Trainee: 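Mind looking over this structure? Questions follow.
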Amino acid sequence: GGINATPSSGTIYGLYVVSSGTNALCTVQENNVTGVTNSWRGQILPYRCDGGATSTMKIFKNRASNISSNDAAMFGIYSGAGLNLEIFGNLVYNFHADVGDSASFYGICSGSTTTNSVASIYNNYLSDLTAPQANVYLSSGLYLFGTTAGTTHRFYNNTVYLDQVSTAGTGTVALFARTEVNLDMR
């Protein structure tokens with residue numbers, strides 16, 4: 001089974017979690033979002049997890065697979081967490097955006113605007129992510145969107161397998177990261 005949507009617009013979420021309490025702990029563990037198809041121009045986010053300025057988010061042992069979209073971005077795991085974020089042990093695979101120049105993928109997309117926040121992304125496996133006609137947006141296995149000085153982002157022991165030949169000009173990368181943050185990669 002799965003989700004096959006043809007909305008006139010909008011985004012499809014598999015699991016959308018918001019944790020905004022003071023010092024809140026939010027755990028997203030051992031979930032499976034698979035078989036999502038969007039036939040229209042809406043984004044697909046199997047997992048979106050956002051936290052407040054003092055929250056801790058732990059996203060682990062989840063799977064996002066068999067996702068396809070026309071002319072829109074797909075995000076395996078998206079988190080704009082607050083103070084502490086851990087994303088580990090997740091599987092993101094078989095994402096295909098076969099139509100449209102705005103098609104793109106982001107296997108794990110993370111960032112925070114909270115000063116002194118720490119995001120640790122480790123031991124994740126990403127493979128078979130493709131958007132061959134993309135010519136507007138970059139596609140990336142791991143994507144760091146946070147640009148707030150004083151934040152720390154750690155990328156350790158992730159496996160990103162990209163098997164794509166782009167027919168357009170934007171490119172595909174295993175990791176895209178901004179340099180305004182403290183960045184630690186191993």
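Side-chain atoms are counted along with the backbone in the values below, which use heavy atoms only and exclude waters and symmetry mates. Model, not experiment: these values are computed from the prediction.
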Trainee: Taking side chain as C-beta onward, heavy atoms only, is L129 less than 4.5 Å from V92?
Mentor: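 L129 vs V92: side chains touch.
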
Trainee: Applying side-chain contact (heavy atoms from CB on, under 4.5 Å), run through C26 and K58 and close with a yes or a no.
Mentor: CA-CA 6 Å; C26 182; K58 292 186 178 194; over 6 Å; no

Trainee: Hey, does the side chain of Y47 reach the backbone of F75 with a donor-acceptor pair shorter than 3.5 angstrom?
Mentor: no

Trainee: Counting neighbours of OH on Y16 that are heavy atoms of other residues, nucleotides or ligands and sit closer than 6.0 Å, is the number greater than 12?
Mentor: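 More than 12 heavy atoms, drawn from other residues, nucleotides or ligands, come within 6.0 Å of this atom.
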
Trainee: Would you name the heavy atoms of A174 and S140 that are closest together and state the gap between them?
Mentor: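 That closest heavy-atom pairing would be O-OG, 3.9 Å.
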
Trainee: In residues 118-125, what donor-acceptor pairs under 3.5 Å come from side-chain atoms, sequence neighbours left out?
Mentor:
residue	atom	partner	partner atom	Å
Y122	OH	E86	OE1	2.6
N124	OD1	G89	N	3.3
N124	OD1	N90	N	3.0
N124	OD1	N90	ND2	3.1
N124	ND2	I87	O	3.1
N124	ND2	Y122	O	3.1
N124	ND2	N158	OD1	3.0

Trainee: In this structure, is the centre-to-centre distance between the rings of F176 and Y143 below 6.0 Å?
Mentor: yes

Trainee: Check for a donor-acceptor pair, side chain of S117 on one end and backbone N or O of L83 on the other, with a separation under 3.5 Å.
Mentor: no

Trainee: Where is the tightest heavy-atom contact between I44 and S68, given as atom of each residue plus distance?
Mentor: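 In this case the closest contact between I44 and S68 is CD1-O, 3.2 Å.
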
Trainee: With side chains defined as the heavy atoms from C-beta onward, is the minimum distance between L175 and V173 less than 4.5 Å?
Mentor: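 No - every pair of side-chain heavy atoms lies 4.5 Å or more apart.
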
Trainee: Side chains of L144 and V181: does their closest heavy-atom pair fall under 4.5 Å?
Mentor: yes

Trainee: Tell me, do F155 and L183 make a side-chain contact under 4.5 Å, heavy atoms counted?
Mentor: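 Counting from C-beta outward, F155 and L183 do come under 4.5 Å.
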
Trainee: Working to the nearest 0.5 angstrom, can you tell me the gap between M57 CE and I59 CD1?
Mentor: 5.0 Å

Trainee: What distance separates C49 SG from L15 CG, expressed to the nearest 0.5 Å?
Mentor: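 One finds 6.0 Å between SG of C49 and CG of L15.
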
Trainee: What I'd like to find out is whether the side chain of M185 reaches to under 4.5 Å of the side chain of Y156, using heavy atoms alone.
Mentor: no

Trainee: Just wondering, do Y13 and T11 contact through their side chains at under 4.5 Å, heavy atoms?
Mentor: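 Of all side-chain heavy-atom pairs linking Y13 with T11, at least one is under 4.5 Å.
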
Trainee: Rounded at 0.5 Å granularity, tell me how far OG in S19 sits from CG in L25.
Mentor: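 If we round to the nearest 0.5 Å, S19:OG and L25:CG are 7.5 Å apart.
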
Trainee: If two hydrophobic side chains count as joined below 4.5 Å and joins carry through other members, does V17 share a cluster with I108?
Mentor: yes

Trainee: Do the side chains of V36 and I12 get nearer than 4.5 Å, heavy atoms only?
Mentor: yes

Trainee: Might you point out which heavy atoms bring D50 and S79 nearest each other, and give the distance in Å?
Mentor: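 Heavy atoms only, the tightest pair is OD1-C, 4.1 Å.
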
Trainee: Heavy atoms only: give me the nearest P46-I67 pair and the separation to one decimal.
Mentor: CG-CD1, 4.0 Å

Trainee: Going by distance alone, is a donor N or O of one side chain under 3.5 Å from an acceptor N or O of the other, for T130 and H96?
Mentor: yes

Trainee: Using every non-hydrogen atom in the two residues, find where M74 and F95 come nearest and quote the distance to one decimal.
Mentor: CB-CD2, 3.8 Å

Trainee: Heavy atoms, side chains only, cut-off 4.5 Å: are S55 and N23 in contact?
Mentor: no

Trainee: Between the side chains of T34 and N66, does any donor sit under 3.5 Å from an acceptor?
Mentor: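 The answer is yes; a qualifying pair exists.
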
Trainee: Would you give the length of the straight line joining atom CG of D184 to atom NE2 of H153, rounded to the nearest 0.5 angstrom?
Mentor: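 Rounded to the nearest 0.5 Å, the CG-NE2 separation comes out at 12.0 Å.
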
Trainee: Which heavy atom in L126 sits nearest to a heavy atom in G107, and how many Å separate them?
Mentor: CD2-CA, 3.4 Å

Trainee: Are F145 and Y78 an aromatic pair by the rule of ring centers under 6.0 Å?
Mentor: yes

Trainee: Cluster question for you: counting only ILVMFWY and a side-chain heavy-atom cut-off of under 4.5 Å, with indirect links fine, are I77 and Y93 together?
Mentor: no

Trainee: Using the side-chain contact (heavy atoms from CB on, under 4.5 Å) rule, take V160 and L142 through it: C-alpha gap first, then chi angles, then the decisive distance, then the call.
Mentor: CA-CA 8 Å; V160 180; L142 300 167; 4.1 Å; yes

